[in-house]
Trainee: 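Pasting a structure here, questions to come.
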Amino acid sequence: MRMRKKKHGAERINACSEFLIQNTTINTDNVNEIYGCDTARPLWLEIGCGKGAFVSKLAERNPEVNLIALERIADVAMLAMERCKAAELPNVRFIIGDMAKLWDIFEDHTVDRIYLNFSDPWPKAGHAKRRLTHRNFLAEYRRILKPGGAIFFKTDNRDLFDFSVEEFRDCGFRLENLTYDLHGSEWAKDNIMTEYEKNFSEKGFSINRVEAFTE
Ligand SMILES: C[S@@+](CC[C@H](N)C(=O)[O-])C[C@H]1O[C@@H](n2cnc3c(N)ncnc32)[C@H](O)[C@@H]1O
């Protein structure tokens, strides 16, 4: 995502600091503390949340779920945090950084769901390892997901989708609810549109979607 550098970025991020997770690992013992809740709740993670249209709506619809949104571009994460702050969502937290460098933050089997929405396609074959559905990433997702946990993946990019489905299958994930036309499918009514999804579907692209379960 390209974006002109925002003015007063550090101050604006600081003003949302209650939404930021920093300098801590995430495990099943401390997760309630992070969200200030006393009962165990599911933990869902969105990787590459962009400006936060999806995660904010998901949090609003699922107040009994704790959400972490991860975004590597600070100015983009800032807009997502400001959106969640304005909506007074108590169940979302953010991590600013690159997922590829953040594995240590998540202890084994802490996450129930991972959402990957319109991940960068990295079309060149030589860049395949950077795709967020490359098998190297899938191995780490499997480690941090709880047994029976799932990855929810959608993209307009058919090449990335086909690559990802093959990676999921080769890595032993069980696939469910696969569609090449999400908006024309039975799942359309519950679908939460992301910023990219709105943009691409308005241009006539159909949206591919699949759920990949660890077992
Ligand atoms: C194509 S945009 C999609 C944004 C949003 N998910 C949507 O559907 O509107 C991909 C986003 O993922 C972020 N991103 C890509 N790779 C990432 C990584 N390894 N770790 C964290 N964020 C990443 C990018 O900075 C960008 O904001």
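For the single chain, residues carry numbers from 1 onward in sequence order.
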Trainee: Applying the side-chain contact (heavy atoms from CB on, under 4.5 Å) criterion to Thr214, which one of Ile151, Leu145, Leu138 satisfies it?
Mentor: Leu145
Trainee: Applying ring pair (Phe, Tyr, Trp, His ring centres under 6.0 Å), name anything that partners Phe19, two or more places apart in sequence or on another chain.
Mentor: none
Trainee: Go through the structure and list residues passing salt bridge (Lys or Arg N to Asp or Glu O under 4.0 Å) with Arg135, not counting sequence neighbours.
Mentor: Glu167, Asp170
Trainee: Applying salt bridge (Lys or Arg N to Asp or Glu O under 4.0 Å), can you list everything that pairs with Arg93, at least two apart in sequence or on another chain?
Mentor: none
Trainee: Mind telling me whether Phe168 and Phe173 have parallel, tilted or perpendicular rings, with 30° and 60° as the class edges?
Mentor: perpendicular
Trainee: Got a second to check how far Thr28's OG1 is from Leu43's CG, nearest 0.5 Å?
Mentor: 10.0 Å
Trainee: What are the two closest non-hydrogen atoms of Ser185 and Thr179, and how far apart are they?
Mentor: CB-OG1, 4.0 Å
Trainee: Got a sec, which residues hit salt bridge (Lys or Arg N to Asp or Glu O under 4.0 Å) with Asp112, two or more places apart in sequence or on another chain?
Mentor: Lys146
Trainee: Applying salt bridge (Lys or Arg N to Asp or Glu O under 4.0 Å), can you list everything that pairs with Arg83, at least two apart in sequence or on another chain?
Mentor: Glu195
Trainee: Please test Thr133 against Ser164 for side-chain hydrogen bond (donor to acceptor under 3.5 Å, both in side chains), starting from the C-alpha separation and ending with a verdict.
Mentor: CA-CA 6 Å; Thr133 48; Ser164 306; 2.7 Å; yes
Trainee: Indicate yes or no for a side-chain donor-acceptor contact from Glu71 to the backbone of Gly50 under 3.5 Å, with no hydrogens or angles considered.
Mentor: yes
Trainee: What's the separation between atom NE2 in His183 and atom CZ in Arg209, rounded to the nearest 0.5 Å?
Mentor: 10.5 Å
Trainee: Calculate, to the nearest 0.5 Å, the distance between atoms CG and CD belonging to Leu58 and Glu46 respectively.
Mentor: 8.0 Å
Trainee: Just distance, no hydrogens or angles: give the donor-acceptor pairs under 3.5 Å from side chains in residues 96-106, sequence neighbours left out.
Mentor:
{"from": "Asp98", "atom 1": "OD1", "to": "Ala100", "atom 2": "N", "distance (Å)": "2.9"}

